[in-house]
Amino acid sequence: MPLVEADAVDVVLGKNRVIGNVSMSVGAGEVVALIGPNGAGKTTMVRVLLGLLPPSRGTVRRRPGLKVGYMPQSMVIDPALPLTAERLLRLAVSPGAGATARVQAVLDEVGAGHVATGAIQELSGGELQRVLLARALLREPDLLVLDEPVRGVDVAGQVELYDLIGGIRERRQCGVLMVSHDLHLVMAATDRVVCLNHHVCCAGHPEA
């Protein structure tokens with residue numbers, strides 16, 4: 001059974017048909033890229049897959065007990081708020097024995113252990129994305145949903161992040177759904193691509 005699967009999904013908001021007849025799935029250990037221009041319905045489709053928005057038509061099936069880790073495009077934090085990377089992650093775990101070790105371990109896994117005590121507002125684009133990725137991993141997810149995971153990162157950093165995501169998939173055998181507007185950036189980092197522009201324009205292996 002796929003981790004999550006949509007079959008012939010429509011979403012109509014008011015008089016606007018945001019997405020129509022979309023079918024897609026993500027399996028365990030698989031990296032799927034959902035690509036398309038801004039306003040194509042990618043975020044809406046992710047919300048439907050995660051059960052945050054009911055489809056107007058069609059069905060969505062999720063594996064029972066599915067755990068999802070979500071990495072947002074960005075996180076806006078008040079510059080006056082004294083918040084370190086470690087503290088941000090501590091807010092996402094239950095307090096108690098072992099919490100600090102869990103946070104440090106996941107920061108080390110994404111290559112951000114050295115910024116644990118650094119203020120969130122002072123991190124580079126690449127460092128912040130790694131911290132947000134670590135935050136998503138704290139849930140020990142079966143499915144990792146990454147919304148524009150290399151946003152604000154230079155080209156060299158993008159390659160490193162995609163390599164990191166691939167390594168996480170291999171180690172944890174979790175499914176990965178990456179949302180992007182740029183096909184070229186995800187070509188070498190995904191197993192399947194779904195190109196969305198309110199409907200599925202094409203889907204398959206990146207080379208195809």
Could you go through the side-chain contact (heavy atoms from CB on, under 4.5 Å) check for Val131 and Leu107 one step at a time?
-> CA-CA 7 Å; Val131 170; Leu107 282 171; 4.3 Å; yes

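- Connection of Met24 to Val9 is established within a shared hydrophobic cluster, with ILVMFWY side chains joined at heavy-atom distances below 4.5 Å, either directly or through further cluster members.
- Remark: the backbone N or O of Ile19 is not paired with any side-chain donor or acceptor of His198 at under 3.5 angstrom.
- In this structure, Arg130 pairs ionically with Glu160, as a charged nitrogen and a carboxylate oxygen lie closer than 4.0 Å.
- With Arg135 contributing its side chain and Leu88 its backbone, the two residues share no donor-acceptor pair below 3.5 Å.
- Side chain of Gln73 to main chain of Asp147: no donor-acceptor pair is present (N/O by atom type, distance under 3.5 Å, no hydrogens or angles).
- Salt bridge status for Glu140 with Lys67: absent, with no side-chain N to carboxylate O gap under 4.0 Å.
- The hydrophobic clustering, which links ILVMFWY residues whose side-chain heavy atoms are closer than 4.5 Å, places Val153 and Ile168 together.
- Paired with Val26 under the rule side-chain contact (heavy atoms from CB on, under 4.5 Å), one option of Leu177, Leu34, Val194, Asp142 passes, and it is Leu177.
- Residues passing the salt bridge (charged side-chain N to carboxylate O under 4.0 Å, His left out) test with Arg90, sequence neighbours excluded: none.
- Considering only residues two or more places apart in sequence or on other chains, Arg87 meets the salt bridge (charged side-chain N to carboxylate O under 4.0 Å, His left out) condition with none of them.
- Formation of a donor-acceptor pair under 3.5 Å by the Arg62 side chain with backbone atoms of Val4 is not found in this model.
- Looking at Lys42, its side chain never comes within 3.5 Å of a backbone N or O of Cys195 through a donor-acceptor pair.
- Between the side chain of Asp191 and the main chain of Val31, a donor-acceptor pair closer than 3.5 Å is present.
- Atoms CG and CG, from Leu132 and Leu89 in turn, are 8.5 Å apart once rounded to the nearest 0.5 Å.
- Taken to the nearest 0.5 Å, the OG atom of Ser25 stands 4.5 Å off from the CZ atom of Arg192.
- No donor-acceptor pair closer than 3.5 Å links the side chain of Glu127 to the backbone N or O of Glu122.
- Remark: the backbone N or O of Val12 is paired with a side-chain donor or acceptor of Ser56 at under 3.5 angstrom.
- Side-chain N or O atoms of Arg61 include none that pairs as donor or acceptor with a backbone N or O of Glu5 at under 3.5 Å.
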